[in-house]
Amino acid sequence: MRRAPKWVGLLYVVTVGVFLAWYVARGHQLKELVTFVSAFTGLLALPAAVIAVLHRGKNGRVPAPLEEVADQLAQGVRQQWEAEAQVRRLNDPFPLSVEWVAADADLVESWPHLRELAESWPGQSSEAASTWAVSPRGLAGEGGEIAKTFERVPTCRLVVLGDPGGGKTMLLIRLLLALLERRPPQGPVPVLFSLASWDPARQDLYTWMTQELEQDHPALRDPVPADRPPGATGTLARALLKQRLILPILDGLDELPEAVGARALHGINQALPAGQPLVLSSRTAEYRSALTAPSGTKVLLNGAAGIRLLPLDPAKAAAYLERDAGGAGTPAAARWRRVTIALGTDTSASEALSTPLGLFLARTIYNPRPDEDVTELPDPDELLDQARYPTRRDLDTHLFAAFIPAAYRPHPQHPPRWSVHKAQRTLAFLASHLQHTLGGTPNLAWWQLHKAFPSGQPLAIGLTASLMGGLPGGLVAGLYDGFATGLGVFLCVGISFALVAAVVASKSGERSPSSGFRWSWRERSGWRTGGLALGLFFGFAFGTSSGLEIGPMAGFIGGLTGVVPFALLSGLRSVHPDLDKAVGPRTVLARDQRTFWALTFLGGTTGVLMYTLLYTLLIPLGGRVVGEDIALAFAVTFPIGLVLGLIRSVWMEFRVAHIKLAVAGHVPWRLMSFLGDAHERRGVLRQAGAVYQFRHIDLQRHLAEGRRLPGRSTGATRGRQRDRHGWCGWERRQP
């Protein structure tokens, strides 16, 4: 949203100054001055708030046609993964070239069957068929050739297999960016999904992918436009999936529990038939196991070819380590001589450094940063100690254990603000939260942090709401009627709204952050009816209590007046950021926090507006504006806005949980800054849309090993045909 011009702030200051000078010159008492200044400034802020709400509403709208929505989504996905590729240092010091060959024949469909299947599709062009590989051997390649390999598959359905840490996710990111470069206008958008957060026993694939899209791109939560294509129903996310405007890249089938592997494959086959392109990655052994259902039958991924990633070439791995250390001839590169000679042998060091993950961990631990003294770092020769690390598993455990201290050692340009001990403690707690509380999901979402320490969460939210909601009323009553009255009002209002907030917190269920709000008559009728009823109640209460001396007409006028502001307040609805902009976790938190406070204070200003309108109408009947009543109106309706903010956002739940965990020493007070630093500076976390993830699922499992959260146990449950041709020459067919 654009900032307001500077003259608006200057005009505001001058207006307030003139009002204060006039009021003092009239000789009013100090306590009335405080009351009227608060009311006056609140009313001045109300038009700006209304303009801001309406302006945000216009910015949050998305184009109606689904194809234009897809084009905007493609821009947002591109921004997200280009930034993530830079943070993950995929091209630093140079792109690490991974080679692959065709997967074993028993893991995929036969090549003649794939050609026959693709040729039978309506609208298939001879030009597309000319790009197909003659046999599975034609799928072999390396590095940046992954997009060409994908296009050589007749069905455009590819399984990427490899060993742990073998570079599968890195290769999928390269494929995604390459497909975005080749994407035709209004064509399908490649989107990377991490399968570890999917529970095939509880959700079908479409429902899960819809939730993932709506989480990472909040604008896709909006309903489809009125002129939607036939069959496009529900939210924009689901409509894009149904119209095959999303090309799913499903990463990490092996990260699902072994018992549901076959069910997951069956669910993918049901949701994504052979005519729809997709990419699926998995570890080779786990994929082979998933192909066999409990009944003994074999379940292949329909219409899919496959490739298997090879271990890194020893010469390339050696060149990569030496180049990252500063290049041949430097003292830091010379330290790798004995290790690089051992690459390609049957030692545990050679096996551990044959994957991109092993090289990343080793370079972080043993290579110096700019202006860092190499003599203060551990010597890479320790990797060759067969007595300490007799197996690859032992060496992998050592690399994971040494990674966090290395990531948080003093940095010349970006010194860490957290000690190694604090970082290790926090990351281990968060990994345990994901592994034991959330059933092994990789998605670290800040709005789910309250689940890590759930005991007493509704009570804590209720106490917080009682303090925030009862304080304005207590101050107003105490200012005018003394301390005892103020304390009584504070306790009465606080306890009432504590109960309401506790009930809201306990019944809220699974909710997502809010991106903003705007006013609309199309808001749900339940809210509108509740707002009207609440307005009538407060209007009659104010009118009757303050207008006893001027007759029953005051109560009638008060009731009608109270309807107006509360009807306006109940018409607020959520809006979401534009699709063509990538939204990270900290941005999502800032928007949700802004929504909470805006709704809270709009509740208070609604009371002031109602009172002002009421007595403007009552003056002809003998009424008069009383400063105490204005302040009381704000104090009474402020808690209503607080509850509305609690319902429409998740910021308070997160903040209460964060304070509890910080007091207990589990996380730092500046948690979001810590997570951002772990992602951008340390390479411990990666960002996937609105959530963080650990750099590798094995790192998450290593940190969570032996750690349990309070009160938790292990093993938690968990369209139309087109004239233009897209990838592989296929045309998007109506499902």
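Start at 1 with the first residue, then count along the sequence.
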For the atom pair [atom1] ([X]) and [atom2] ([Y]), what is the distance rounded to the nearest 0.5 Å?
X	Y	atom1	atom2	answer
W81	Q86	CH2	CD	14.5 Å
L241	T207	CG	OG1	10.0 Å
E653	H450	CD	NE2	5.5 Å
H666	K660	NE2	NZ	10.5 Å
Q79	E84	CD	CD	14.0 Å
L449	L671	CG	CG	6.5 Å

Quiz item: Is the number of heavy atoms from other residues, nucleotides or ligands within 6.0 Å of CD (E82) greater than 12?
Solution: yes

Quiz item: CZ of R417: more than 12 outside heavy atoms within 6.0 angstrom?
Solution: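 More than 12 within 6.0 Å, yes.
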
Quiz item: Run the side-chain contact (heavy atoms from CB on, under 4.5 Å) check on W447 and Q215 step by step: do they pass?
Solution: CA-CA 11 Å; W447 58 91; Q215 173 183 273; 3.5 Å; yes

Work out which heavy atom in [X] is nearest to a heavy atom in [Y]; give both atom names and the distance.
X	Y	answer
A196	P442	CB-CD, 3.2 Å
H433	A452	ND1-CB, 3.3 Å
A237	E214	CB-CG, 3.7 Å
A690	V588	CB-CG2, 4.0 Å
Y408	A678	OH-CB, 3.5 Å

When you measure from the side chain of [X] to the backbone of [Y], do you find a donor-acceptor pair of N or O atoms at a distance under 3.5 Å?
X	Y	result
D592	W651	yes
H658	P668	yes
T595	R591	yes
W446	R586	no
Q693	R686	no

With a 4.5 Å cut-off on side-chain heavy atoms, are [Y] and [X] touching?
X	Y	result
M672	P585	yes
F674	L685	no
L236	L73	no
N443	L438	no
I697	Q700	yes
L220	T235	no
M209	I246	no
R655	F596	no

Self-check item: CA sep, side-chain torsions, deciding dist, call: R238, Y206, side-chain contact (heavy atoms from CB on, under 4.5 Å)
Solution: CA-CA 7 Å; R238 192 165 187 87; Y206 258 21; 3.8 Å; yes

Quiz item: Run the side-chain contact (heavy atoms from CB on, under 4.5 Å) check on F694 and L434 step by step: do they pass?
Solution: CA-CA 10 Å; F694 279 91; L434 297 177; 3.9 Å; yes

Practice problem: Might you work through the side-chain contact (heavy atoms from CB on, under 4.5 Å) test for W198 and F193, ending with a clear yes or no? | Solution: CA-CA 10 Å; W198 178 34; F193 297 91; over 6 Å; no

